[in-house]
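A short write-up of the structure that comes next.
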Amino acid sequence: MTDIRYIVRSEWIKLWSVRSTWWCLGAATVLVPVFGALTALSVDPVEAAALPKAWLVADGFDPLEPLSAVLLAQFAFGVLGVLTVTSEYSTGQIRSSLLAVPRRRRLLAAKLAVLAAVVAAVASALTFGTFFLTQALYPDGLGIGPGDGGAWQALLGSVAYTVFIAVFGFAVGAAVRGTGAAITVFMVVTFVVMSALPAVFPSSLQEHAVRYTFIGLARSLTTLQPDPRPGMLVAALLLAAYAALALAPVLLLVERRDS
């Protein structure tokens with residue numbers, strides 16, 4: 001079976017046949033809107049109304065603050081990326097997959113395409129759904145529409161970051177192959193290394209270095225600030241570069257490694 005359409009269809013079936021897929025997506029589906037709603041309901045209407053909008057000044061009221069829940073859910077999407085690969089290795093099903101699709105890069109590409117499509121669809125529904133929910137929950141005058149202050153760009157940026165973190169988890173899973181070890185590596189790199197990395201720079205550069213970590217780039221993609229650094233386009237390109245760096249060794253070595 002070498003036709004890419006059949007390979008993608010097979011990977012689609014395999015992804016949805018694993019319970020961990022439902023657990024990961026279910027956790028994100030609950031976490032994002034619930035946390036977002038709680039954040040919107042906790043806003044002091046008097047204090048918020050006294051502040052200018054976030055797209056006008058650096059310290060203004062940010063109506064998209066509830067969407068920080070998407071960043072909390074990145075663990076679920078990253079683990080889904082890991083399990084997309086490692087679940088087959090843990091059950092031994094990878095041998096059957098390689099017999100059916102001897103061209104390993106094609107198999108890996110099909111898995112990645114299915115994962116990215118599913119995560120993009122779920123993240124879009126969660127991001128835009130939570131946006132409309134939280135704007136409706138704000139007191140009168142505080143909510144915004146998708147066209148206000150470039151909010152639609154920040155919403156798309158949130159989706160893009162979610163897809164990136166799933167792809168990064170996928171790359172880690174493909175490189176490590178063991179579920180427990182891969183999840184540990186993913187967590188250490190995403191939450192520990194990226195948090196500690198700015199500390200290796202001189203104190204005068206640490207604030208700038210933070211902006212180029214995963215979370216820093218996520219904030220650049222999802223902010224309403226009038227002059228975000230490094231900017232949405234640069235942030236998107238840097239995340240794409242991070243993803244390429246993570247995937248490159250996996251794609252180069254996949255044909256040489258034993259199943």
Side-chain angles (χ1 to χ4, degrees), residues 1-29 70 73-123 126 159-194 214 239-259:
M1 181 176 62
T2 57
D3 190 316
I4 191 64
R5 293 173 299 175
Y6 295 108
I7 301 173
V8 169
R9 186 182 304 170
S10 174
E11 293 304 320
W12 174 271
I13 294 171
K14 281 190 283 187
L15 181 66
W16 291 110
S17 65
V18 180
R19 282 185 296 177
S20 56
T21 299
W22 296 95
W23 281 108
C24 291
L25 296 180
T29 301
V70 175
Q74 66 179 318
F75 174 74
F77 289 108
V79 169
L80 176 61
V82 168
L83 293 173
T84 299
V85 183
T86 62
S87 59
E88 280 202 80
Y89 282 96
S90 63
T91 61
Q93 188 181 358
I94 189 64
R95 296 183 181 89
S96 300
S97 296
L98 292 175
L99 285 174
V101 188
R103 299 177 64 176
R104 299 185 179 191
R105 289 195 184 98
R106 178 170 289 193
L107 176 65
L108 208 62
K111 288 180 180 294
L112 182 58
V114 170
L115 171 70
V118 169
V119 171
V122 174
L126 285 176
V159 175
Y161 179 76
T162 305
V163 173
F164 159 75
I165 208 69
V167 169
F168 181 72
F170 178 90
V172 172
V176 179
R177 296 185 174 183
T179 299
I183 291 176
T184 300
V185 171
F186 168 79
M187 291 181 63
V188 168
V189 173
T190 304
F191 300 106
V192 179
V193 174
M194 283 291 155
F214 289 176
L239 284 180
Y242 275 137
L245 286 173
L247 287 169
V250 174
L251 294 173
L252 288 173
L253 298 175
V254 67
E255 299 287 354
R256 304 178 185 179
R257 299 175 71 180
D258 296 331
S259 61

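Model, not experiment: these values are computed from the prediction. One is the number of the first residue; the rest follow in order along the sequence.
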[atom1]/[X] to [atom2]/[Y] distance, rounded to the nearest 0.5 angstrom?
X: T29; Y: L126; atom1: OG1; atom2: CG; value: 4.5 Å
X: L252; Y: R105; atom1: CG; atom2: CZ; value: 6.5 Å
X: T179; Y: Y89; atom1: OG1; atom2: OH; value: 11.5 Å

Does [X] reach the side chain of [Y], with side-chain heavy atoms less than 4.5 Å apart?
X: L247; Y: V167; value: yes
X: V118; Y: L15; value: yes
X: L25; Y: W16; value: yes
X: W23; Y: V79; value: no

Write down the atom of [X], the atom of [Y], and the distance for their closest heavy-atom approach.
X: C24; Y: L83; answer: SG-CD1, 4.3 Å
X: A182; Y: V82; answer: CB-CG1, 3.5 Å
X: A181; Y: V176; answer: CB-CG1, 3.6 Å
X: A73; Y: A28; answer: CB-CB, 4.2 Å
X: V18; Y: S87; answer: CG2-OG, 4.4 Å
X: V250; Y: A171; answer: CG2-O, 3.6 Å

**Prompt:** Got a donor-acceptor contact below 3.5 angstrom from the T184 side chain to the G180 backbone?
**Reply:**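 It does hold such a pair.
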**Item:** is_close_aromatic(Y242, F214), centroid dist under 6.0 Å
**Value:**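 Under 6.0 Å, so yes.
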**Request:** Please determine which of L112, V119, L115 meets the side-chain contact (heavy atoms from CB on, under 4.5 Å) test together with T84.
**Result:**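 The residue from L112, V119, L115 that satisfies side-chain contact (heavy atoms from CB on, under 4.5 Å) with T84 turns out to be L115.
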**Request:** Over 60° means perpendicular and under 30° means parallel, so classify the ring planes of F168 and F186, tilted if in between.
**Result:**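 F186 vs F168 ring planes: tilted.
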**Prompt:** Please walk me through it: do F77 and V122 pass side chain to side chain contact (heavy atoms under 4.5 Å, CB included)?
**Reply:** CA-CA 10 Å; F77 289 108; V122 174; 4.3 Å; yes
